[in-house]
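Predicted model, so just to flag it, every value in this text is computed and none were measured.
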2 protein chains.
Amino acid sequence: MSQEQPDGEDLDFWSFIDYAIERTVRQLPEVDPLAMRLVFTLHRAANMIVYDLESSVHRPRGWSWAGFRVLFVIWLAGPLEAKRVAELSGMSRAAVSALVATLEREGLVTKRRDPRDRRAVLLGLTGHGTQAIAEAFQVHNAREQAWAATLDEDERATLISLLEKLTSHSVRIDARHRL
Amino acid sequence: MSQEQPDGEDLDFWSFIDYAIERTVRQLPEVDPLAMRLVFTLHRAANMIVYDLESSVHRPRGWSWAGFRVLFVIWLAGPLEAKRVAELSGMSRAAVSALVATLEREGLVTKRRDPRDRRAVLLGLTGHGTQAIAEAFQVHNAREQAWAATLDEDERATLISLLEKLTSHSVRIDARHRL
DNA sequence: ATCAATTAATCAAACCTTTGATTAATGGCA
DNA sequence: TGCCATTAATCAAAGGTTTGATTAATTGAT
């Protein structure tokens, strides 16, 4: 038992993936351990970075990660239809709608009906919103730089390139995406 | 205007990042475009894959992505303290607590007080839960393989290695993490 | 010109996540 | 032994996300 089945209680955040792969492959031989490790590690990395950025930069400003993403899109590309904001931030229209209600309440975002299409809502930033996102983004990017500094310049470029390859081929496997 | 400031309304999911970097660097010269692109692309990739896996594999089974992650941890390492489940799945104890309430209601997970430490709750899978996660994981991994097939074997190994380097050095920048 | 199909935003309901607080249990130190 | 600090799970409150439904507006075909 002690050699055959290592006690799950001894596992920690870092050791889990190796254990998981070993156990899974043993139980389900047709499982692809490399694919498993790839998705697990990618999800882990993104989660860790997002949690760090959100808790160190955005929450202290009263924002959420999602709120920051919407503010960022509107800052750069606004005023913009809510539908487009949803697309550019990778969220659903319903999520943007609920989120914008919060951001509007906080005096960061403005909403008005698009005169050219009465179905559509145009989202813009208030003066305060513009100032706040410009400031926050600098702090955010400084933190991004701290993370990116873990890799050298070549590694960064490689990582980006591989991730871009991964995402751009999503159409090939008909990946589900938000509407 | 037409050359100087491309209309935000022409942007789509794929073109946004280039536009965002160009615009940001122009407004805030000290911004590091590579770090920006790295974090953006990583978050995008993880988001796309998770959304695809969740909507194609887990939601049809009545599960959420988070539910799947908890079931997976308990399947492999359980029975296990809730605290440990939280650590291995990268969630907070409060999140696991709320999630397990749902999974227990669905007859997938069992909870009992740990006789050795009355504060702790031991989480295990029901027979049905065990069967369900084993089946779901095979479908899940097949989908993971579809994603991973976008890259060749060497690229996969490189990507994993870079992501692992990125995450393991989180301690170096004192990254915030869940308690 | 009319109608049906499509589109945009929001709603409803359920679930997931966060922080800090709460309650109960444990461990270590004096 | 007793007390205090720490620990574990849950609670409370607020907010974020999903799907399908709803309401209103637009578009395209006849």
- Under the 6.0 Å and 45° cation-pi test, does A:Arg44 pair with A:Phe16? no
Categorize B:Arg105 for me: base, sugar-phosphate, or nothing, with a 4.0 angstrom heavy-atom threshold over every strand shown.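 Contact class for B:Arg105: sugar-phosphate only.
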Using OP1 and OP2 only, check whether a side-chain N or O of [X] sits under 4.0 Å from [N].
X: A:Lys83; N: C:dT10; result: no
X: B:Arg93; N: D:dT10; result: no
X: A:Arg59; N: C:dT19; result: yes

Between N or O atoms, less than 3.5 Å apart, protein on one side and nucleotides 22-26 of chain D on the other: list the pairs.
| residue | atom | partner | partner atom | Å |
| --- | --- | --- | --- | --- |
| D:dT26 | OP1 | A:Arg118 | N | 2.8 |

Using whole Å, what does the distance between atom [atom2] of nucleotide [N] and atom [atom1] of [X] come to?
X: A:Leu123; N: C:dA8; atom1: CG; atom2: P; value: 14 Å
X: A:Glu87; N: C:dA9; atom1: CD; atom2: P; value: 12 Å
X: B:Glu54; N: C:dC15; atom1: CD; atom2: C1'; value: 11 Å
X: A:Tyr51; N: D:dG16; atom1: OH; atom2: P; value: 16 Å
X: B:Arg84; N: D:dT7; atom1: CZ; atom2: P; value: 13 Å
X: B:Trp65; N: C:dA14; atom1: CH2; atom2: P; value: 25 Å
X: A:Arg113; N: C:dA8; atom1: CZ; atom2: P; value: 12 Å
X: A:Glu106; N: D:dG15; atom1: CD; atom2: C1'; value: 10 Å

Practice task
Rounded to the nearest 0.5 Å, what's the gap from NE2 on A:His140 to CD on A:Glu54? Could you check?
Solution key: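 If I round to the nearest 0.5 Å, the distance is 11.5 Å.
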### Message
Quick one: does any side-chain atom of A:Arg69 pair with a main-chain N or O of A:Ser89 as donor and acceptor, under 3.5 Å?
### Response
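Here the side-chain-to-backbone pair exists.
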Can you give the donor-acceptor pairs under 3.5 Å from side chains of residues 27-40 of chain B to other protein atoms, not counting sequence neighbours?
| residue | atom | partner | partner atom | Å |
| --- | --- | --- | --- | --- |
| B:Asp32 | OD1 | B:Leu34 | N | 3.0 |
| B:Asp32 | OD1 | B:Ala35 | N | 3.4 |
| B:Arg37 | NH1 | A:Glu164 | OE2 | 3.3 |
| B:Arg37 | NH1 | B:Asp18 | OD1 | 3.2 |
| B:Arg37 | NH2 | B:Asp18 | OD1 | 2.7 |

Is it true that B:Arg26 and B:Glu22 make a salt bridge, defined as a side-chain N closer than 4.0 Å to a carboxylate O?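 A salt bridge links B:Arg26 with B:Glu22.
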Between A:Glu135 and A:Arg61, does any NZ, NE, NH1 or NH2 come within less than 4.0 Å of an OD or OE carboxylate oxygen?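 A salt bridge links A:Arg61 with A:Glu135.
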Using heavy atoms and a sub-4.0 Å distance, could you list which residues of residues 94-102 of chain A are near DNA chain C? By number, please.
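Residues of residues 94-102 of chain A that come under 4.0 Å of DNA chain C are, in numerical order, A:Ala94, A:Ser97.
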Looking only at D:dT17, C:dA8, C:dC16, the nucleotide nearest the A:Ala66 side chain is D:dT17
Please identify which of these residues, A:Trp147, A:Trp65, A:Phe72, A:Tyr51, meets the ring-ring contact (aromatic ring centres under 6.0 Å, His included) condition with B:His43.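 Of the listed options, the one satisfying the test is A:Trp65.
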Please determine whether salt bridge (Lys or Arg N to Asp or Glu O under 4.0 Å) holds for the pair B:Glu87 and B:Arg84, giving the CA-CA distance in whole Å, both sets of side-chain angles, and the decisive distance to 0.1 Å. CA-CA 5 Å; B:Glu87 181 182 357; B:Arg84 188 71 60 189; 3.0 Å; yes
Between B:Asp114 and B:Leu122 the two heavy atoms that sit nearest each other are CB-CG, 3.9 Å
